[in-house]
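What follows is a single structure, written as structure tokens, with notes after it.
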Amino acid sequence: DSVATLTAVANAVGNMPFLNQSTNMAAGIRQLNDAITVGQDDRAIYNIVSDGLPNEPFPDGQAAAVSERNRAINDIGVEEIDAEFIGSGAASGFNFLNNSIVCPQPGNPPFDPGFVIQIDTFGDFQDAFTAKLEEILDVDDIPEPTSFLVFAGLGLLGIGYRRWKS
């Protein structure tokens, strides 16, 4: 609901540790599910950034991610999940986000609720993510260093959360 809130979210994401080179999407979604409360007049939207298929927890990281995604929607009250997939030539990761994680299903064109944006490299991420925030938040310019803080803190998996009054 404000630049201060956006900055706080960016700082929280920026302070998340990078633990290893796995993609534990379920743990990221679970951490967010456990940290938020969605009030009656609030709208909750999750954003997921990934560069691969969930491979943790073993043996089925994909099922665990879908389970936490369903908990976010059914128990927490999240009404939209959007995503960015970073990497070229990895259709399976993009398709997993598009067909199993974003909400509503199936995935939609960019900037309609429940979409995945394909980003070729981490170097392209900041511009793409800033443009996305400007579009979905309906603002003309995201002030620096907010977009950079979000970019810097993502590593391989970042999850953001927007909450505002309807």
Side-chain angles (χ1 to χ4, degrees), residues 6 9-10 12-33 35-36 43-73 76 78-139 142 146-163:
L6 183 59
V9 169
V13 171
N15 289 327
M16 287 181 173
F18 177 68
L19 302 175
N20 58 33
Q21 294 184 359
S22 65
T23 302
N24 192 339
M25 194 177 294
I29 298 170
R30 183 180 318 106
Q31 183 176 5
L32 196 53
N33 286 343
I36 70 163
R43 180 174 180 217
I45 299 174
Y46 284 6
N47 188 78
I48 298 174
V49 179
S50 182
D51 71 342
L53 286 167
N55 55 12
E56 296 272 342
F58 185 79
D60 196 347
Q62 292 177 41
V66 170
S67 177
E68 285 299 326
R69 173 245 191 225
N70 292 340
R71 180 175 158 234
I73 295 163
I76 307 298
V78 173
E79 62 185 74
E80 181 179 336
I81 301 173
D82 305 317
E84 287 81 38
F85 183 79
I86 301 174
S88 57
S92 59
F94 179 92
N95 290 337
F96 174 74
L97 288 170
N98 196 56
N99 298 327
S100 301
I101 297 295
V102 296
C103 175
Q105 282 285 307
N108 290 304
F111 310 123
D112 285 344
F115 64 89
V116 181
I117 296 174
Q118 174 85 35
I119 302 170
D120 290 333
T121 68
F122 281 103
D124 300 327
F125 179 77
Q126 182 178 1
D127 290 340
F129 193 74
T130 299
K132 171 188 167 172
L133 287 177
E134 290 171 355
E135 179 70 28
I136 61 178
L137 296 175
D138 196 26
V139 296
I142 300 292
T146 302
S147 59
F148 177 74
L149 289 171
V150 171
F151 170 70
L154 287 169
L156 297 181
L157 171 67
I159 299 178
Y161 164 70
R162 293 195 316 268
R163 180 179 150 185

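What you see is a predicted model; the values in this text were computed from it and never measured. The first residue of the sequence shown is numbered 1, and numbering continues consecutively from there.
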Partners passing salt bridge (charged side-chain N to carboxylate O under 4.0 Å, His left out) against Glu84 (at least two apart in sequence or in another chain): Lys132
Could you tell me if the side chain of Cys103 sits less than 4.5 Å from the side chain of Arg69, heavy atoms only? yes
Could you check if a side-chain atom of Arg71 sits within less than 4.5 angstrom of a side-chain atom of Arg30, using non-hydrogen atoms only? yes
Side-chain touch Thr23/Leu53, heavy atoms, less than 4.5 angstrom: no
Any Glu80 side-chain heavy atom under 4.5 Å of Arg43 side chain: yes
Out of curiosity, Gln62 CD to Ser92 OG, how far, rounded to the nearest 0.5 Å? 8.0 Å
CD1 of Ile86 to CD1 of Ile117: how many Å apart, nearest 0.5 Å? 10.5 Å
Might you point out which heavy atoms bring Asn33 and Ala72 nearest each other, and give the distance in Å? OD1-CB, 3.2 Å
Find the distance between CG (Leu32) and CD1 (Ile76) and round it off to the nearest 0.5 Å. 9.0 Å
Checking side-chain polar atoms at under 3.5 Å, does Asp124 have a donor or acceptor matched by the opposite partner on Thr121? yes
side-chain contact (heavy atoms from CB on, under 4.5 Å) test vs Tyr46 passes for just one of Asp82, Val102, Ile29, Ile101, namely Ile29
Rounded to the nearest 0.5 angstrom, the CG-CG distance for Asp60 and Asn55 is 11.0 Å
If you look only at pairs with a residue in residues 48-73, which of them pass as a ring pair (Phe, Tyr, Trp, His ring centres under 6.0 Å), with sequence neighbours excluded? none
Looking only at heavy atoms, the pair that brings Glu68 and Ala26 closest together is CG-O, 3.6 Å
So, for Asn99 and Gln105, which heavy atoms are closest and what is the spacing to 0.1 Å? O-OE1, 2.7 Å
Non-hydrogen atoms of Ala64 and Pro57 that approach each other most closely: CB-CD, 3.7 Å
Under 3.5 Å donor-acceptor, Asn98 side chain and Phe94 backbone: no
Any idea which heavy atoms bring Phe85 and Gly52 closest together, and the distance? CE1-N, 3.5 Å
